[in-house]
Every structure is written in structure tokens, then in C-alpha cells.
*Asks:* 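Dropping the structure in here first, questions after.
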Amino acid sequence: MPLSFKQRVFLCVAKIPKGKVMTYKGVARAIGHPSAARAVGNVLNNNPHPFYGSAKKGKRLPCHRVIRSDLKVGGYSGQARIKEQLLKEEGVNVINHHLDCSIYIRS
DNA sequence: GCTCTGACGATTT
DNA sequence: GAAATCGCCAGAG
């Protein structure tokens with residue numbers, strides 16, 4: 001049985017290396033649904049393993065590394081501020097509320 | 001099976 | 001360049 005849409009999103013986001021970010025569109029295309037960027041956002045919203053609240057274990061999902069195609073931070077369960085902070089901590093340059101285009105992975 | 005929602009995307013104003 | 005509008009897809013009720 002093929003993995004669910006949310007499972008694919010989960011795995012794809014988990015593969016994003018530290019210090020790099022991926023767009024919702026990129027993730028959507030990576031899992032075979034180029035126009036399902038919105039659905040990807042839904043999955044992350046329902047993501048059971050938030051990054052900022054996890055102590056250890058590999059079950060954490062670095063959803064903060066997923067940004068909008070506009071290079072904007074996007075949302076984060078109502079705490080977009082935390083997301084931006086985490087990105088900065090990982091070496092991502094945020095310029096005028098826009099993320100550095102040189103660290104964004106295009107598939 | 002239909003309708004509403006949403007951490008989006010691209011285009012137009 | 002920013003804001004508003006329409007279109008998009010997968011989940012939940």
C-alpha cells in the first residue's frame with residue numbers, strides 16, 4: 001500500500017538538512033504532487049511532532065525549514081516568530097522578513 | 001459523498 | 001512593491 005500523502009510530506013521534510021530550507025511547492029513536487037503545496041501546509045499544521053517542543057528522539061519534524069515559495073517565513077501554528085528564530089539559529093539569513101535565497105533547495 | 005477549511009501559489013490590480 | 005483575488009489539493013466534519 002502506498003504511503004499516505006501526509007506520510008510522504010513527513011518523510012520529505014525530515015530529509016531537509018540543517019541550515020537549508022525547502023519551499024512548500026518544492027516538497028509538494030518532490031512527493032509527486034506539484035500543485036498540492038496547500039495540502040502540504042495542512043499536513044504540517046496537523047504535524048504531531050513539533051520541532052521546538054521535542055526534547056530528543058528522531059520523531060521531530062523540522063517543519064520550520066519549510067517556507068513559502070515567496071521566500072517568506074510563512075506560518076507556524078500561530079507562532080511564526082519561533083520559526084523565524086529557529087531558522088536564524090541554523091544559519092539562515094533573514095533579510096527584511098525574507099529568507100536568503102542561497103540556502104533554499106530547489107528540486 | 002458533499003462542504004468547509006487552510007502553515008500555499010501565481011496572477012492581477 | 002504590496003494587497004487582493006482566484007485556483008489548487010488533501011484532510012476533517
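Residue numbers start from 1 in every chain, and the chains themselves are labelled A, B, ... in the order their sequence lines are given, proteins ahead of strands.
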*Asks:* Can you give me the first and the last nucleotide of DNA chain C (5' to 3') that has an atom within less than 4.0 angstrom of a non-hydrogen atom in chain A?
*Replies:*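 On DNA chain C, the outermost contacted nucleotides are C/dG7 to C/dA12.
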*Asks:* Spell out, yes or no, whether A/Leu71 and A/Val92 are grouped together once hydrophobic residues are joined by side-chain heavy atoms under 4.5 Å, including indirect joins.
*Replies:*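 A/Leu71 and A/Val92: one cluster.
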*Asks:* Treat primed atoms plus P, OP1 and OP2 as sugar-phosphate and everything else as base, then score nucleotides 4-13 of chain B 5' to 3': B for base contact with protein heavy atoms under 4.0 Å, S for sugar-phosphate contact only, - for none.
*Replies:* --BBBSS---
*Asks:* A/Met22 and A/Ile16: which non-hydrogen atoms are nearest, and at how many Å?
*Replies:*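 Answer, listing the atom of A/Met22 first, then A/Ile16: CB-CD1, 3.6 Å.
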*Asks:* Who are the ring pair (Phe, Tyr, Trp, His ring centres under 6.0 Å) partners of A/Tyr104, not counting sequence neighbours?
*Replies:*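 Once residues adjacent in sequence are excluded, A/Tyr104 has no partner under the ring pair (Phe, Tyr, Trp, His ring centres under 6.0 Å) criterion.
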*Asks:* State whether a side-chain donor-acceptor pair under 3.5 Å links A/Glu90 with A/His64.
*Replies:*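 Yes, a side-chain donor-acceptor pair sits under 3.5 Å.
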*Asks:* Strictly below 4.0 Å, N to O, side chains only: are A/Arg68 and A/Asp70 in salt-bridge contact?
*Replies:*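 A salt bridge links A/Arg68 with A/Asp70.
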*Asks:* Would you find a donor on one side and an acceptor on the other, under 3.5 Å apart, between the side chain of A/Ser4 and the backbone of A/Gln7?
*Replies:*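 Judged by distance alone, no pair lies under 3.5 Å.
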*Asks:* Per the side-chain contact (heavy atoms from CB on, under 4.5 Å) rule, which among A/Val66, A/Val13, A/Val43 passes with A/Tyr24?
*Replies:*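 It is A/Val66; the other options fail the test.
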